Chemist: 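Sharing a structure below in C-alpha cells format, with a few things to ask.
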Amino acid sequence: MAAELTVPQLSAKHRPTLDQALSAIRSRAYWSPHPEHPKAYGETAPADGLAAFEALRGTRFDLGQPGTDGWAGAEVSPYGPELGVEYPHVDPDVLLPAMKAGMGAWRDAGPEARALVCIEILARISARTHEFAHAVMHTSGQAFMMAFQAGGPHAQDRGLEAVAYAYEEQTRVPGQADWSKPQGKKDPLELGKTFTAVPRGIALMIGCNTFPTWNGYPGLFASLATGNPVLVKPHPRAVLPLALTVQVAREVLAEAGFDPNLVALAVERPGEGIAKDLAVRPEIKLIDYTGSTEFGDWLETNARQAQVYTEKAGVNTVVLDSTDNYKGMLANLAFSLSLYSGQMCTTPQNLLIPRDGIATDTGHKSYDEVVADLAASVGGLLGDDARANALLGALVNPDVKARLEAASALGEVALESREVTNPEFPDAVVRTPVMVKLDAAKPDPEAPFLSECFGPVSFAVAVDSTQDALDLLRRTVREKGAMTVGAYTTSPDTERALEEVCLEESAQLSLNLTGGVYVNQTAAFSDFHGSGGNPAANAALCDGAFVSNRFRVVEVRRQA
C-alpha cells in the first residue's frame, strides 16, 4: 500500500506535539494544543462547519468497510430534528477477519509511527471541530458551546493524552539490547535481544449517548496507539460523531500506508443489541465502555476473554462544612448543578449539610438557609431563558425526564423544576434542575440519596454533623462509587479527614471551589477522570494503567 504520508513527514509535523504531551503528563501543568474558542478556527469555520453538518443529514454514510450487509440509523436530535443518516450495518464474521489482517504491519510500524498517525487523525478532527460540534450537539443534547468545547478540543485533548501515555509505556523498554554476562576467565555469555510491543487483538469501543467523543476517544486512541485495531460501536442515539471519527481515521491510515480496516464502525438496528454479541467474541481482546452499571457489570462478568475498562455510575457528593466565601460557593455549586442539565457522570448529586448549619463569612447559616440560598442561586443563574438554554442544553432521552418528574415525590422540594422554551428548537425538552430536601437520620436502605439519580436532580441531605457527613460519604463511595467528591471547609482538621476518606476510598476530591473551575470538569494532561479504585469505574482517564495492559512486550534472544 503506497503511503502518501511518510513517517518523516509525520514526525516533522507532529513530533513536537507528542513531546509537549509527554511533558504535560509528567508535569501535570496546563497545556492544550486544541483551541477552545470558536473564532480560533478561522472566519468561515462556523458557517462551513454548520454547512458540512447539514450536508450529512438525510445521507448514506458509506465508509467502504468490508462486511456491510445493510444500512441502519434512526438518530433523532434531542432538539427535535431527525438526522436521517444511514450507516453501514456489518457482518462481524466478515469484518473482524479483515480488521485483523492489517495488525502485523501496524505492529511493526512501532510506537512512534503509531503515535504520529494517531496525532494526525486528531489534527484532522480538530480542523473540523465546528462540524463535530453540531454532530455532538444534535446527538447528545448538549448546548452548542459545550458540544463545541467538550465534544471538540477537550475530547481531542483526552485522545492525545491517551496517545502520550501509550507511547510512554511502550517505550519504557528499549527496542534492543546487547547482553553480556561475565564468566571470570571464560568468555562472557553474550546475547542480542529485541523487545517488541505486541497488541492484544481487536478492541471494542462501546460509545455513550451523552459524551460520544469525550468518553470515546481515550479508549479508541489508547488501543490504536498500542497496535490494536478498534471496532467502534456507538450508542444508537449518538452515532454521527463517532462515524465521522472512524471516517477520518480510515482516511489517515490509508494515506499513511496502513490498512484502513484497523478502524471500523459497527452500528445496530433498532432493538438489535449487538454490543453483547460482539463483547464475547473471541477476536475481541479489549473493551472500553461508558454507561450504566448494569451493563458494565455484565461486561466485566461475561467478557472473560477481554480486558474490560468501564466507567459506570456513582453517587457524587459535596460535603458542606464551612466556607470563607459563601457567595462564591453558592455560585460555583449552582453552575455545577445546572451544566448540561446535570447529565454528566461528574455532576454532584448529594449535598451533605449539617442540620445545625454551617459557618460562613456572612455569618452562621442554618440548613434551611443554605438550601434556600442555593436554590435561589440556581434560580437566578437560570432565570433568563437564553442563558438557561446555553447552560442546560436538552434532556438527552425520556428516561432523564421521567426521573426528573418523579423526584418531586421523594421529599420536600426546595427548588422546583421549570420548563424552558428554546426558540430555535421548539421541540427540545429543556428543564431546570430540581432540588429535594432529605434527612439522613431516617434509616431507610432504599433512601434516594443512596443510589444515582442521573439527570438534573440533587438531594440536600441533612446530617447530624460533619462527621456523619464523612461517614455517609465513605459509605456511598465504597458501596456505589463516585466519579467526583467536593467539599467546603475552613477547618484544617476537617480537610485532612476529607482527604483521608477519599484516599482510602479512591475518590477524586475538589476542595473549596469558588471560582471558574467546577467539580464536574476535568482537564486532560492534569486531572484524572475517575480513579479506577471505587465501583464507579475500574479505570482512570488517563494513566499508565489505562494503556499498559493493551499490549505485551515480546522478547527475541539471539546468540551474539
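Because the structure is a prediction, the values reported are computed rather than measured. These numbers come from the heavy atoms of this one structure, side chains and all, not from hydrogens, waters or symmetry mates.
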Chemist: Please evaluate residues K312 and E300 with respect to the criterion salt bridge (Lys or Arg N to Asp or Glu O under 4.0 Å), reporting the C-alpha separation (whole Å), side-chain torsions for both, the decisive distance (0.1 Å), and the verdict.
Modeler: CA-CA 11 Å; K312 300 176 288 189; E300 292 170 358; 3.2 Å; yes

Chemist: Check for a donor-acceptor pair, side chain of Y30 on one end and backbone N or O of F525 on the other, with a separation under 3.5 Å.
Modeler: no

Chemist: Could you pull out the closest heavy-atom pair between F449 and T476, with the gap in Å?
Modeler: O-CG2, 4.2 Å

Chemist: Side chains of T317 and Q349: does their closest heavy-atom pair fall under 4.5 Å?
Modeler: no

Chemist: Which residues satisfy the side-chain hydrogen bond (donor to acceptor under 3.5 Å, both in side chains) test with E54, sequence neighbours excluded?
Modeler: R57

Chemist: Ring centres under 6.0 Å, that's the criterion: do H138 and F425 meet it?
Modeler: yes

Chemist: Show me the donor-acceptor pairs, under 3.5 Å and distance only, between side chains in residues 428-439 and residues at least two apart or in other chains.
Modeler:
| from | atom 1 | to | atom 2 | distance (Å) |
| --- | --- | --- | --- | --- |
| T432 | OG1 | R418 | N | 2.8 |
| K437 | NZ | D368 | OD1 | 2.8 |
| D439 | OD1 | R355 | NH2 | 2.8 |
| D439 | OD1 | A441 | N | 2.8 |
| D439 | OD2 | R355 | NH1 | 3.1 |

Chemist: Ring centres of F148 and H134 under 6.0 Å apart?
Modeler: no

Chemist: Carefully, step by step, assess Q156 and F132 under the rule side chain to side chain contact (heavy atoms under 4.5 Å, CB included).
Modeler: CA-CA 11 Å; Q156 296 151 22; F132 272 76; 5.8 Å; no

Chemist: State whether the side chain of N302 and the backbone N or O of W298 hold a donor-acceptor pair below 3.5 Å, judged by distance alone.
Modeler: yes

Chemist: Find out whether the Lys NZ or Arg CZ of R28 is both under 6.0 angstrom from the six-membered ring centre of F528 and within 45° of the ring's axis.
Modeler: yes

Chemist: Which word best sums up how the rings of Y518 and F335 line up, parallel for under 30°, tilted for 30 to 60°, or perpendicular for over 60°?
Modeler: parallel

Chemist: Let's go through T245 and Y217 carefully: what are the C-alpha distance in whole Å and the side-chain angles of both, what is the deciding distance for side-chain hydrogen bond (donor to acceptor under 3.5 Å, both in side chains) to 0.1 Å, and is it a yes or a no?
Modeler: CA-CA 9 Å; T245 302; Y217 283 6; 2.7 Å; yes

Chemist: Is it true that E504 and R478 have a side-chain N and a carboxylate O under 4.0 angstrom from each other?
Modeler: no

Chemist: Check whether N389 reaches the backbone of T421 with its side chain - one donor and one acceptor, N or O, closer than 3.5 Å.
Modeler: yes

Chemist: Side chains of residues 270-277: which donor-acceptor pairs under 3.5 Å do they make with residues two or more places apart or in other chains?
Modeler:
| from | atom 1 | to | atom 2 | distance (Å) |
| --- | --- | --- | --- | --- |
| E272 | OE1 | H89 | NE2 | 2.9 |
| E272 | OE1 | R269 | N | 2.8 |
| E272 | OE2 | H89 | NE2 | 3.0 |

Chemist: For A40 and P35, work out which heavy atoms get closest and say how close.
Modeler: CB-CB, 3.4 Å

Chemist: Hey, does the side chain of S126 reach the backbone of H34 with a donor-acceptor pair shorter than 3.5 angstrom?
Modeler: no

Chemist: Decide side chain to side chain contact (heavy atoms under 4.5 Å, CB included) for L333 and V378; before the verdict, give the C-alpha distance in whole Å, the side-chain angles of both, and the deciding distance to 0.1 Å.
Modeler: CA-CA 8 Å; L333 285 174; V378 174; over 6 Å; no

Chemist: So, do Q508 and S531 sit near enough that their side-chain heavy atoms are less than 4.5 Å apart?
Modeler: yes

Chemist: With heavy-atom distances below 4.5 Å as the criterion, would you say the side chains of L278 and L231 are in contact?
Modeler: yes

Chemist: Where do L392 and S338 come nearest, in terms of heavy atoms and distance?
Modeler: CD2-O, 3.3 Å

Chemist: Would H130 and F53 count as a close aromatic pair, with their ring centres under 6.0 Å?
Modeler: no

Chemist: Looking at side-chain heavy atoms only, is the closest gap between T139 and V239 below 4.5 Å?
Modeler: no

Chemist: Taking the ring centre of each residue, are Y488 and Y326 less than 6.0 Å apart?
Modeler: no

Chemist: If we ignore hydrogens and angles and just use 3.5 Å, is the side chain of N316 paired with the main-chain N or O of N350 as donor and acceptor?
Modeler: no

Chemist: Assess whether a salt bridge exists between E268 and K233, defined as any Lys/Arg side-chain N lying under 4.0 Å from an Asp/Glu carboxylate O.
Modeler: yes

Chemist: Decide if the gap between the ring center of Y309 and the ring center of Y289 is smaller than 6.0 angstrom.
Modeler: no

